[in-house]
Amino acid sequence: LATGPRQNDGVFYEIRTYDVKPSKMKEFVEVANKHLHLRTAHSELVGFWTAELGAMNKAVHVWKYDNFAHRAAVRKALANDKDWQGKLLSVLLPLVEKQHNEVAYLVPWCQLGKPPKEGGVYEWVTFQMKPGGPALWGEAFQAAVNAHINTGYTKLIGVFHTEYGLLNTVHVIWWNENPDDRAAGRHRAHEDARVVAAVRDSVRFLESQQNMLLIPLACSPLK
């Protein structure tokens, strides 16, 4: 998990999280939906969501880059794009209280997935694992993820391991048709002996975890 495919493939994902001013979330979403095409003209957007449960007034967006030179070229182009600066950046920034970014790789055993249809909800789960990296906990973590996949109640979108930001962090994105389907599926999974055994093995390496229920914006490729 920590060697081979990830290092040989330069593709990485920048995860950007914005804390939006509570009174400005509606305006933030409207501006993003209207003008985000000015940003996506420069590089690929994977998804753009706002938090519904587990956090408030947060926006999360994920961008794909071929390598670090590609990101540098995109940032340089954006610095010279007056249309993007005037219609999107300069309007959104006053609505944001705080920005945070991470660089992460898809783990080698996971390909970026897509939901079976539009209109569902996304669960973003962040695991803070013990120091030592995937060489220590990767196998057990993969088994726990696969155990949930095998129950069939949820769709895996992606598993990301941080390279910059808080290390030993893993973000897992799941898709469900609606929050009630997710709740029912989780209840069944917790009664599945295979899931219980896999999770019990994985949590030996877990420091903490948190999750958010996310709603995709109209401009998000993942809907």
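Since this is a predicted model, take the numbers as computed values, not measurements.
Under a hydrophobic-cluster definition in which Ile, Leu, Val, Met, Phe, Trp and Tyr are linked whenever side-chain heavy atoms come within less than 4.5 Å, directly or via other members, F48 and L89 are assigned to the same cluster. Side-chain heavy atoms closer than 4.5 Å link hydrophobic residues (I, L, V, M, F, W, Y) into clusters, and following such links, possibly through other members, connects L78 to F68. Linking ILVMFWY side-chain heavy atoms closer than 4.5 Å, directly or via other members, places V199 and F141 in a single hydrophobic cluster. Hydrophobic clustering of Ile, Leu, Val, Met, Phe, Trp and Tyr side chains at less than 4.5 Å, counting indirect connections, unites V11 with I15. Linking ILVMFWY side-chain heavy atoms closer than 4.5 Å, directly or via other members, places M56 and L217 in two distinct hydrophobic clusters.
The closest donor-acceptor contact from the side chain of S220 to the backbone of L222 lies under 3.5 Å. With hydrogens and angles ignored, the 3.5 Å screen pairs no side-chain donor or acceptor of S202 with any backbone N or O of A198. In this structure, the side chain of Q128 does not engage the main chain of V170 through any donor-acceptor pair within 3.5 Å. N168 contributes a side-chain N or O that, together with a main-chain N or O of G133, makes up a donor-acceptor pair within less than 3.5 Å. Distance alone, capped at 3.5 Å, is enough to place a donor-acceptor pair between the N80 side chain and the K76 backbone. Checking side-chain atoms of H187 against main-chain N and O of A183 turns up no donor-acceptor pair under 3.5 Å. Between the side chain of N150 and the backbone N or O of N146, at least one donor-acceptor pair lies under 3.5 Å. In this structure a side-chain-to-backbone donor-acceptor pair under 3.5 Å is missing from T40 to E44. When atom types are taken as modelled, the side chain of T169 and the backbone of L166 share a donor-acceptor pair closer than 3.5 angstrom. K21 places a side-chain N or O within donor-acceptor distance of the main-chain N or O of P94, the cut-off being under 3.5 Å.
You'll find the side chain of E207 stays beyond 4.5 Å of the side chain of M129, heavy atoms only. When side chains are defined from C-beta on, T50 does not count as touching L214, because their heavy atoms never get closer than 4.5 Å. V103 has its side chain out of reach of R71: every pair of non-hydrogen atoms, C-beta onward, lies at least 4.5 Å apart. Residues L93 and Q99 have side chains in contact (heavy-atom distance under 4.5 Å, counting atoms from C-beta outward). Residues D19 and N57 are not in side-chain contact: their nearest non-hydrogen atoms beyond the backbone lie 4.5 Å or more apart. Using a 4.5 Å cut-off on side-chain heavy atoms (C-beta onward), Y164 and E102 make no contact. Contact check for L112 versus V46: side-chain heavy atoms found under the 4.5 Å cut-off. Counting heavy atoms from C-beta on, the side chains of D81 and L38 never come closer than 4.5 Å.
In terms of heavy-atom proximity, V91 sits nearest to L95 at O-CG, 3.4 Å. Of all non-hydrogen atoms in N176 and T154, the two that sit nearest each other are ND2-OG1, 3.3 Å. Heavy atoms only, all atoms of each residue included: K155 and K114 are closest at CE-O, 3.1 Å. What you find for T151 and A189 is that their closest heavy atoms are CG2-CB, 4.4 Å. Residues G120 and P216 approach most closely at O-CD, 3.9 Å, considering heavy atoms. R39 approaches S43 most closely through the heavy-atom pair NH1-OG, 2.8 Å.
Grouped by direct or indirect side-chain proximity (heavy atoms under 4.5 Å, Ile/Leu/Val/Met/Phe/Trp/Tyr only), V121 sits with L53, L213, I215.
The ring pair (Phe, Tyr, Trp, His ring centres under 6.0 Å) test with H161 is passed by exactly one of F12, F127, W137: W137.
Judged as a side-chain hydrogen bond (donor to acceptor under 3.5 Å, both in side chains), the pairs with a partner in residues 115-124 (not counting sequence neighbours) are, in order, K117-E177, E123-R182, E123-N211, W124-T126, W124-H171.
With sequence neighbours excluded, no residue forms a salt bridge (charged side-chain N to carboxylate O under 4.0 Å, His left out) with K34. In this structure D201 satisfies the salt bridge (charged side-chain N to carboxylate O under 4.0 Å, His left out) test together with R204, sequence neighbours excluded. In terms of the ring pair (Phe, Tyr, Trp, His ring centres under 6.0 Å) criterion, residue partners of Y13 (sequence neighbours excluded) are, by chain and number, F160.
With rounding to the nearest 0.5 Å, the separation of OG1 in T162 from CG in L167 is 5.0 Å. One distance of note links NZ of K87 with NZ of K82; it measures 14.5 Å at 0.5 Å rounding. W174 contributes atom CH2, which lies 10.0 Å from atom CD1 of I157 (distance to the nearest 0.5 angstrom).
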Would you please test H61 and Y18 for ring pair (Phe, Tyr, Trp, His ring centres under 6.0 Å) and show each step?
CA-CA 9 Å; H61 39 126; Y18 293 172; 4.6 Å; yes
Using the side chain to side chain contact (heavy atoms under 4.5 Å, CB included) rule, take L88 and V31 through it: C-alpha gap first, then chi angles, then the decisive distance, then the call.
CA-CA 7 Å; L88 185 61; V31 172; 4.0 Å; yes
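Judged by distance alone, the side chains of E163 and Y105 never bring a donor and an acceptor atom under 3.5 Å apart.
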Would you be so kind as to tabulate the donor-acceptor pairs closer than 3.5 Å made by side chains of residues 23-30, with sequence neighbours excluded?
unit_1, atom_1, unit_2, atom_2, d
K26, NZ, E30, OE2, 2.6

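Under a cut-off of 6.0 angstrom, the local environment of CZ in R16 is crowded, with over 12 non-hydrogen atoms contributed by other residues, nucleotides or ligands. Environment of CZ in R200: sparse, with no more than 12 heavy atoms of neighbouring residues, nucleotides or ligands closer than 6.0 Å.
Note: H35 and H37 have tilted aromatic rings, judged against thresholds of 30 and 60 degrees for the angle between ring planes.
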